[in-house]
Each structure stands twice: as structure tokens, then as C-alpha cells.
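Shown next, in C-alpha cells, is the structure this report addresses.
Every heavy atom of this structure was used, including side-chain atoms; hydrogens, water molecules and symmetry mates were not. Computed from a prediction, not measured in an experiment: that's the story for all the values here.
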Amino acid sequence: MAAPLPPRATGKFITENSKDVSVDMEGVCSLAEKLFQMIDRKELTLKGWKFLHELNPQGSGEDAVNWVFFADTLNFSFWSENQDKKYLVKYKGKEYSGYWSFCAAINRALDEGIPITSASYYSNITLDQLQYVFRSDTDVPITLIETRLEILHQTGKILMEKFGGSFLNCVKKSEKSAEKLLQLVVENFPSYGDEAVFQGKKVAFYKRAQILVGDTWAVLEGKNEGAFYDIQKITMFADYRVPQSLLHFGAIRYSEDLVKKLKEGWLFQNGDREELEIRGCSIWAVELIYEHVQELFKKKGGHLSNEVSPILLNNFLWDFARDNRKAVDVVPFHRVRCIYY
């Protein structure tokens with residue numbers, strides 16, 4: 001089979017052939033207006049990645065880049081089977097859930113002197129050591145711990161052998177191209193190969209690989225090795241939370257059958273048609289929103305700064321879903337247990 005369609009083309013192709021999910025242009029334009037106003041007021045900026053999220057690395061050095069690589073290598077499947085029983089981590093007096101509980105556990109380990117973000121350490125970490133690092137403050141453990149162990153061993157060894165044990169060396173090889181860094185990650189680290197087949201065509205979402213590029217750009221503040229000249233070519237990160245925000249704002253629509261399945265707590269398999277439609281239409285909706293935001297700036301007689309990209313729009317939508325659970329959970333997120341998101 002030929003090489004997969006890249007994420008943007010994947011989004012367009014799936015949207016054009018989707019049965020249960022559609023992109024609503026009225027909702028797209030309405031959300032674009034809202035985001036345009038936020039960007040114009042400087043409420044949505046690259047700096048928000050650090051300043052709005054205290055668990056993200058606050059520095060911009062090699063250690064911070066390696067933190068990002070470690071986190072995104074394991075950035076998958078944090079949702080709980082039972083919403084009343086969750087994996088929670090207490091850190092510095094605060095209790096965190098979901099993805100942030102995972103970040104809190106990383107920082108807790110580093111504070112304890114465990115070099116968890118060093119490839120030389122995690123390439124040989126034992127199951128007992130990993131379980132200790134990700135220990136829960138409830139009786140609900142982190143999901144897929146043995147899978148996480150396998151991925152760390154594999155990824156750590158590759159990072160040691162090919163990139164001197166530092167993801168910053170991989171970033172340097174990208175020569176300030178976000179697309180090239182994405183390609184380097186997907187080609188060298190197997191667990192980032194988020195691909196599928198939709199209507200006989202191979203498609204790619206690369207959620208974790210793209211978020212790795214986006215987080216690297218953010219942690220480096222778009223400067224030095226992170227001054228990616230083509231950052232706008234990275235699409236939104238097709239996960240299970242951002243589609244909820246897009247649905248809430250009317251940028252995408254679900255069929256009655258799909259809503260019924262979601263409300264019944266249907267467990268989809270990675271690669272199921274409905275799952276691919278949700279992810280693909282989400283990518284395309286954000287691309288259209290981004291295009292409309294650009295048009296609004298042109299009408300105003302200005303132009304977008306290099307830092308405004310689909311990534312910033314994605315970050316707003318993800319934060320919105322996390323901060324407005326009651327509003328977005330009117331239609332539950334699609335449940336898939338996999339390593340890609």
C-alpha cells in the first residue's frame with residue numbers, strides 16, 4: 001500500500017466520505033470569529049502553554065525538551081472506565097486527574113531524584129519502578145502500565161542509539177522544519193505510527209507525533225532550534241477531548257446513531273469507521289477554522305503572526321473541554337483504549 005495521506009489530507013478525505021460525522025460551516029465560521037477576537041486581544045498566545053499550565057516545564061533547555069519527549073511518548077489513554085473512580089495524583093497540595101495527573105507524577109518523580117525523563121534510565125526501567133513513578137493517590141492505577149513499559153524500553157533505546165540519548169539532537173536534525181521533525185519522529189519511533197485504513201486508503205493522524213512537535217515548539221517558545229518556519233503545517237491533535245469542544249461549538253455534527261452509541265458508552269476499536277470519522281472531521285474543521293481566522297485578519301488589514309497556528313486553536317479547544325466538562329459531556333467523548341491518544 002502507498003504511503004499514507006498526511007494528517008491534513010486525511011482530514012479532508014475523511015470529511016468528504018464521512019457518514020456519521022460532518023463539518024458544519026456555520027459553526028466553523030462562528031467559532032473562528034470567537035477565536036479571532038481572542039487572538040486579537042492577545043488572549044490566545046504561545047506563552048499560554050507555560051504560563052497557564054504550571055505542570056509544564058518552565059525552562060527552555062535540553063532537560064525541558066527531554067521532559068516533553070518523555071511525556072508525549074506516553075501521552076495516551078488517561079480516561080477512566082468509571083467517572084466516579086479515577087487515577088488521581090496529588091502534587092504540591094493540588095489533586096490532578098487525566099493527563100495532568102500523569103504530568104504531576106513525572107514532576108513528583110523528578111523532585112524525588114528519579115531521572116525519569118532520561119533515556120538512559122527509562123530504557124531499562126523495571127515494571128516495579130514505573131509503577132512507583134506513576135503510583136496513584138486512589139486505588140485506580142494508571143492505564144496500560146505494561147504497554148507503557150514496553151514503549152519506554154523501545155523508545156529509550158532508539159533515542160540512545162540514534163540521537164545520543166537526547167531528543168534535542170533529533171530536533172536539531174529537523175533544521176527548524178516542523179514537517180521534517182514530524183517525519184523524523186514517525187520514521188524512527190514506532191509507537192508514534194498512528195495510521196489506519198479508511199475506505200481503502202491509508203490515512204495518518206499522528207496525534208502524539210504532532211503534539212510532540214507542538215510541545216517542542218512551545219517549550220522552546222518558538223526560538224532557537226524551535227523556531228519552526230512551517231509550524232502552521234501541523235494540524236490539530238486528533239484525540240477524544242477536542243472533538244467534544246468542536247461539537248459543543250457546532251463546528252462538527254454527529255448522526256443520531258453515533259450520539260446514541262456514545263451515550264451508551266460504546267467502546268470503539270482503534271480503526272473503527274466512526275472513530276476515524278470523528279478524528280478526520282475534527283482535523284478538517286480546525287483547518288477550516290484556521291483559514292477563516294486568517295481571512296478575518298486580512299479583512300481587518302492585518303496578518304497573523306507566525307505563532308498563530310492550528311496548534312494554538314487546538315490548545316484552546318482542549319483546555320475548553322477540560323474546563324467545561326458539564327457542558328461538553330452532554331455528548332460523551334468516544335471511548336477507545338489505544339496508544340495513539
Side-chain angles (χ1 to χ4, degrees), residues 52-57 67-117 121-122 125-153 155-156 191-192 194 207-208 211-212 215 237-245 262 265-270 275 315 317-329 331-341:
L52 296 179
H53 302 298
E54 71 272 12
L55 293 175
N56 283 337
W67 187 103
V68 161
F69 180 69
F70 176 86
D72 287 331
T73 294
L74 297 186
N75 184 358
F76 55 81
S77 206
F78 298 112
W79 58 271
S80 304
E81 300 281 351
N82 184 337
Q83 289 303 298
D84 297 322
K85 291 185 175 181
K86 294 183 177 183
Y87 170 68
L88 301 174
V89 172
K90 289 174 187 166
Y91 179 66
K92 292 189 175 178
K94 285 180 73 173
E95 190 173 68
Y96 296 92
S97 65
Y99 170 71
W100 293 122
S101 60
F102 162 73
C103 294
I106 296 172
N107 291 343
R108 178 179 63 187
L110 291 170
D111 288 353
E112 291 173 352
I114 300 169
I116 189 60
T117 58
Y121 180 79
Y122 63 74
I125 195 171
T126 67
L127 181 60
D128 284 348
Q129 287 171 323
L130 194 62
Q131 285 173 327
Y132 176 77
V133 166
F134 290 124
R135 65 192 182 279
S136 178
D137 283 300
T138 67
D139 58 2
V140 180
I142 195 169
T143 60
L144 302 175
I145 189 70
E146 290 178 352
T147 303
R148 295 179 195 278
L149 181 73
E150 289 171 22
I151 288 172
L152 281 181
H153 286 169
T155 304
S191 79
Y192 282 90
D194 181 8
K207 182 265 178 179
R208 284 199 297 113
I211 203 169
L212 174 58
D215 287 352
F237 316 132
D239 70 346
Y240 47 85
R241 279 294 179 198
V242 175
Q244 280 191 298
S245 288
L262 294 170
W266 192 278
L267 183 63
F268 294 96
Q269 297 301 308
N270 183 224
E275 182 226 16
N315 292 351
L317 293 164
W318 190 84
D319 285 340
F320 183 89
R322 287 276 306 181
D323 297 340
N324 298 273
R325 292 265 179 99
K326 283 187 179 176
V328 301
D329 281 345
V331 179
F333 61 79
H334 66 286
R335 289 153 45 103
V336 180
R337 189 68 78 193
C338 72
I339 69 167
Y340 298 120
Y341 62 100

Measure the shortest side-chain to side-chain distance between [X] and [Y] over non-hydrogen atoms and say whether it is less than 4.5 angstrom.
X	Y	value
S191	R208	yes
C338	F268	no
F69	D215	no
E81	T143	no
S97	L88	yes
V89	I142	no

For residues T117 and Y122, is any side-chain donor paired with an opposing acceptor at under 3.5 Å?
no
Mutual orientation of the aromatic rings belonging to Y240 and Y341 [parallel < 30°, tilted 30-60°, perpendicular > 60°]
tilted
Without swapping roles, check the side chain of [X] against the backbone of [Y] for a donor-acceptor pair under 3.5 Å.
X	Y	result
S77	R337	no
R241	F333	no
T155	L152	no

Residue E112 excluded, over 12 heavy atoms near CD under 6.0 Å
yes
Evaluate the criterion side-chain contact (heavy atoms from CB on, under 4.5 Å) for residue pair H53 and W100; output intermediate values, then yes/no.
CA-CA 9 Å; H53 302 298; W100 293 122; 3.4 Å; yes
Trace of the side-chain contact (heavy atoms from CB on, under 4.5 Å) decision for Y99 with D239:
CA-CA 12 Å; Y99 170 71; D239 70 346; over 6 Å; no
I'd like to know whether L267 forms a side-chain contact (heavy atoms from CB on, under 4.5 Å) with R335, so could you lay out the CA-CA distance, the side-chain angles of the two residues, the decisive distance to 0.1 Å, and finally the verdict.
CA-CA 5 Å; L267 183 63; R335 289 153 45 103; 4.0 Å; yes
I need the single residue from D111, N107, D137 that forms a side chain to side chain donor-acceptor pair (under 3.5 Å) with Y91. Which is it?
D111
